[in-house]
Colleague: 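Quick one: this structure, given as structure tokens, is what I'll be asking you about.
What you see is a predicted model; the values in this text were computed from it and never measured. Numbers for residues simply follow the sequence, beginning at 1.
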Amino acid sequence: MESATTAGGDVSAAAATADDNHQSTDSSSPADAVNRLIHTISQRQQHLLDKTVPHVLYRWIACLCVVLIYFVRVYLVEGFYIITYAIGIYLLNLIIAFLSPQEDPEASLTTGGALPTRRSDEYRPFVRRLPEFKFWLSIVRAFVIGFLMTFFDVFDVPVFWPILLFYWVMLFFLTMRKQIQHMIKYRYVPFSFGKQQYGKKPAPAESSE
């Protein structure tokens, strides 16, 4: 009799646990499913992006194709110039960040972290504020988003595009002139050409008699 009572209690406890688990699963399954889907897609996307990191040339060829597709789309629909102007301003900011050092040169002069300007200085490679891969990825994303926006008429604001083009060219010229002046003032070049060897002369060739 006691064993039967114990067995009945175990069955009731197991049934209650199963009901609780079922209720908790029903209450959290939609949110968990969405979170798992987002996490899986994010991981897959990051994995594909990581595989493209060493293929610099192919990445930029693909970027050029995306840019051409966008401009062909804008040319065919003859509109969405305000989107193109916004992308141009965004690209200008990306270019400035790509050409700028990670550390402020003015602050580096006081802390000793400036780029080498003399032969006696230790070689330090140029570290960008915006790395090349993020620069490429930001450009691709900008044009992909802009391409998708061209399918919605709400973004087709009527503007006189030559004025926008003239204004962007002037802004590009002034910004790049300021950036070049900054490079000249703090004596840095936004590219690394490998470690330089100073003070070493090539060994004289042995004369054969």
Colleague: Could you pull out the closest heavy-atom pair between Val140 and Val66, with the gap in Å?
Modeller: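 So the minimum-distance heavy-atom pair works out to O-CG1, 4.4 Å.
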Colleague: Taking a hydrophobic cluster as the set of Ile, Leu, Val, Met, Phe, Trp and Tyr residues connected by side-chain heavy atoms closer than 4.5 Å, whether directly or through intermediates, do Leu91 and Leu64 fall within one such cluster?
Modeller: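 No, because Leu91 and Leu64 fall into different hydrophobic clusters, even though each may have its own neighbours under 4.5 Å.
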Colleague: Going only through I, L, V, M, F, W and Y residues with side-chain contacts under 4.5 Å, is there a path from Leu171 to Leu94?
Modeller: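 Shared cluster, yes.
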Colleague: Shortest non-hydrogen contact from His55 to Lys51?
Modeller: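 Residues His55 and Lys51, closest heavy atoms: CD2-O, 3.2 Å.
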Colleague: Distance only, no hydrogens: is a donor on one side chain within 3.5 Å (strictly under) of an acceptor on the other, for Glu78 and Trp161?
Modeller: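 There is no such pair (donor and acceptor under 3.5 Å, judged by atom type) between the side chains of Glu78 and Trp161.
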Colleague: Same cluster for Ile69 and Val72 if Ile/Leu/Val/Met/Phe/Trp/Tyr side chains link at under 4.5 Å?
Modeller: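 No, it is not one cluster - the side chains of Ile69 and Val72 are not joined through contacts under 4.5 Å.
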Colleague: If you define the side chain from C-beta out and look only at heavy atoms, does anything of Tyr81 sit under 4.5 Å from Val74?
Modeller: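 With C-beta onward as the side chain, the pair touches.
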Colleague: Distance from Ile184 atom CD1 to Gln181 atom CD, nearest 0.5 Å?
Modeller: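 Those atoms lie 7.0 Å apart.
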Colleague: Could you state the interatomic distance from CD1 (Ile82) to CD1 (Ile87), rounded to the nearest 0.5 Å?
Modeller: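 So the gap between those two atoms works out to 11.0 Å.
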Colleague: Taking all heavy atoms of Ile96 and all of Gln179, pick out the closest pair and write down the distance.
Modeller: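 For Ile96 versus Gln179, the nearest heavy atoms are CG2-OE1, 3.9 Å.
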Colleague: Measuring from Ile180:CD1 to Thr175:OG1, what's the distance to the nearest 0.5 Å?
Modeller: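 So the CD1 of Ile180 and the OG1 of Thr175 are separated by 11.0 Å.
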Colleague: Ignoring hydrogens and geometry, is there a side-chain-to-backbone donor-acceptor pair from Arg128 to Ser100 under 3.5 Å?
Modeller: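 Pair absent, no side-chain N/O of Arg128 close to backbone of Ser100.
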Colleague: Are Trp136 and Phe71 connected in the hydrophobic side-chain network, where two residues link if heavy atoms are under 4.5 Å apart?
Modeller: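 Same cluster: Trp136 reaches Phe71 through Ile, Leu, Val, Met, Phe, Trp or Tyr contacts under 4.5 Å.
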Colleague: Could you list who else is in Phe160's hydrophobic cluster, with ILVMFWY side chains joined at under 4.5 Å, directly or through other members?
Modeller: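 Members other than Phe160 - counting any ILVMFWY side chain reachable under 4.5 Å - are Ile163.
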Colleague: Using a 6.0 Å cut-off, check whether atom CZ of Phe133 has over 12 heavy atoms from anything other than its own residue.
Modeller: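 Yes, because the 6.0 Å sphere around CZ of Phe133 holds more than 12 heavy atoms from other groups.
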Colleague: Does Tyr85 offer a backbone N or O that forms a donor-acceptor pair with the side chain of Trp168 under 3.5 Å?
Modeller: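 Looks like no, no N/O pair under 3.5 Å.
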Colleague: CG of Leu164 to CD1 of Ile89: how many Å apart, nearest 0.5 Å?
Modeller: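 If we round to the nearest 0.5 Å, Leu164:CG and Ile89:CD1 are 9.0 Å apart.
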Colleague: Say you draw a straight line from CD1 of Ile95 to CE of Met176; how long is it, rounded to the nearest 0.5 Å?
Modeller: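 Taking CD1 in Ile95 and CE in Met176, the distance rounds to 6.5 Å.
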Colleague: Can Tyr90 be reached from Val67 by stepping across I, L, V, M, F, W or Y side chains whose heavy atoms are under 4.5 Å apart?
Modeller: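 Same cluster: Val67 reaches Tyr90 through Ile, Leu, Val, Met, Phe, Trp or Tyr contacts under 4.5 Å.
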Colleague: Could you pull out the closest heavy-atom pair between Glu132 and Val56, with the gap in Å?
Modeller: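 Where Glu132 meets Val56 most closely, the heavy atoms are OE2-CG1, 3.8 Å.
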Colleague: Less than 3.5 Å apart, which donor and acceptor atoms pair up between the side chains of residues 41-48 and the rest of the protein, not counting sequence neighbours?
Modeller:
residue, atom, partner, partner atom, Å
Gln43, NE2, His39, NE2, 3.0
Gln46, NE2, Asp50, OD1, 2.9

Colleague: In sequence, state the C-alpha distance, the side-chain angles, and the governing distance for Arg129 and Leu99, and then conclude on side chain to side chain contact (heavy atoms under 4.5 Å, CB included).
Modeller: CA-CA 8 Å; Arg129 186 192 306 171; Leu99 297 178; over 6 Å; no
Colleague: Got a list of side-chain donor-acceptor pairs under 3.5 Å for residues 141-157, not counting sequence neighbours?
Modeller:
residue, atom, partner, partner atom, Å
Thr150, OG1, Arg73, NE, 3.2
Thr150, OG1, Phe147, O, 2.4
Asp156, OD1, Phe80, N, 3.0

Colleague: Starting at CG of Leu37, measure out to CG of Asp32 and round the result to the nearest 0.5 Å.
Modeller: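 Result: 12.5 Å between the selected atoms.
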Colleague: Between Ser138 (side chain only) and Phe135 (backbone N and O only), is there a donor and an acceptor less than 3.5 Å apart?
Modeller: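 No: the side chain of Ser138 does not pair with the backbone of Phe135.
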